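The shown structure was predicted, so the numbers you read here are calculated from the model rather than taken from an experiment. In each ligand, atom 1 is the first atom listed, and ligand 1 is the first ligand listed.
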Amino acid sequence: MINIKIPATSANLGAGFDSLGLALSFYNYVSIGEADGIFISSLDDTIVPEDESNLIYSAAKTLYDICGRRLHGLCIEQTNNIPIARGLGSSSACVIAGLTGANRLMGEPLSLDELVNLSAQIEGHPDNTAPALLGGIVTAVFDGNSVHWVKQEVFTTLKFVVAVPDFKMETEKARECLPENVTHKDAVYNLSRAALFSVSLLTGKYENLRTAVNDRLHQPFRMPMIHKGREVFDAGYSLGAYAVYMSGAGPSIMMIAGSENKLFSGKLRFLLDSMGLEKWTVYDLDIDNTGTVIL
Ligand code: HSE
């Protein structure tokens, strides 16, 4: 069996819709090996499909097919720490686990670039799949065939504190509410801010982050789908966050806080409770610069 560790990801980073994402210190673990049938088990209480529709299995099978290799079956054991359908890259983590596992089992026929491309083709969003594979902050453009990407390691003491609601939001549904067209002015609003985010994070100009995460392409349209989402944003800023944005397609809300703001996550927990959001979970995370690792 091959053991794989895959990080959660936070896509969009506010204005960088479908193009920016970063990896976080929060992991799924997958063991995978060839077998004479399909044997899939979840090692925690997450219910996962135990047939061909399992995302790890189907991604692995795709790679076997592409390589012209016959797959008799797989044994998959998965530990699913990343909450499902919360905007933290749980499906990307499964796709990456299936692809990297299959690639290793077949003797590494695909290069890293090919894995970046194939994972984006399968999952549809390189802003989740690329950082899950590569770690750090990734800028990615998917031209329909291949992904043009740059990964940068981020050396920072910033904390990424995420408030995770107790309800799911499927990406497909969260994309249905987006407008077909946007104005030239709104396009410029977003592209300037997306460009500002990475360089501000990488150069330590954290005071820019609040401006950089504002966007007009997705967050305003998705926000009404998150019960008390606006209040949670405000709570983050009231506690002194540098920036607050919707992680991926939501519904989780990410807050970037300085390390000197030591009590940030505890205070956030207290505020969420006082808002009646006791069922939301708070995770205090760092950026993961390594990406997926075969252990
Ligand atoms: N960029 C995608 C979206 C991320 O916001 O819909 C979801 O995987």
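Side chain of Asp127 to main chain of Ala11: no donor-acceptor pair is present (N/O by atom type, distance under 3.5 Å, no hydrogens or angles).
For Asp18, heavy-atom contacts with ligand 1 shorter than 4.0 Å involve the backbone as well as the side chain. Residue contacts with ligand 1 for Glu170 are absent, since no atom lies close enough (heavy atoms, distance under 4.0 Å).
A side-chain donor from one of Ser31 and Asn3 sits under 3.5 Å from a side-chain acceptor of the other. Side-chain contact annotation: Tyr189 with Thr183, donor-acceptor N/O pair under 3.5 Å absent.
Each of the atoms 3 (C), 5 (O), 6 (O) of ligand 1 lies under 4.0 Å from some heavy atom of Arg222. Near Phe17, the atoms of ligand 1 lying under 4.0 angstrom from a non-hydrogen atom of the residue are 3 (C), 5 (O), 6 (O). Taking every non-hydrogen atom of Thr171 and a distance limit under 4.0 Å, the qualifying atoms of ligand 1 come out as 6 (O), 7 (C). In summary, the atoms of ligand 1 found under 4.0 Å from a heavy atom of Asn128, numbered by their order in the structure, are 4 (C), 7 (C), 8 (O).
Using a 4.0 Å heavy-atom cutoff, Arg175 is listed among the residues neighbouring ligand 1.
More than 12 heavy-atom neighbours from other residues, nucleotides or ligands sit within 6.0 angstrom of CG on Leu295.
Using a 4.5 Å heavy-atom threshold, the side chains of Tyr57 and Ile76 count as touching.
For the atom pair NE2 (His218) and CZ (Arg175), the distance works out to 10.0 Å, reported to the nearest 0.5 Å.
Ligand 1 has an N or O atom lying under 3.5 Å from an N or O atom of Asp127, backbone or side chain.
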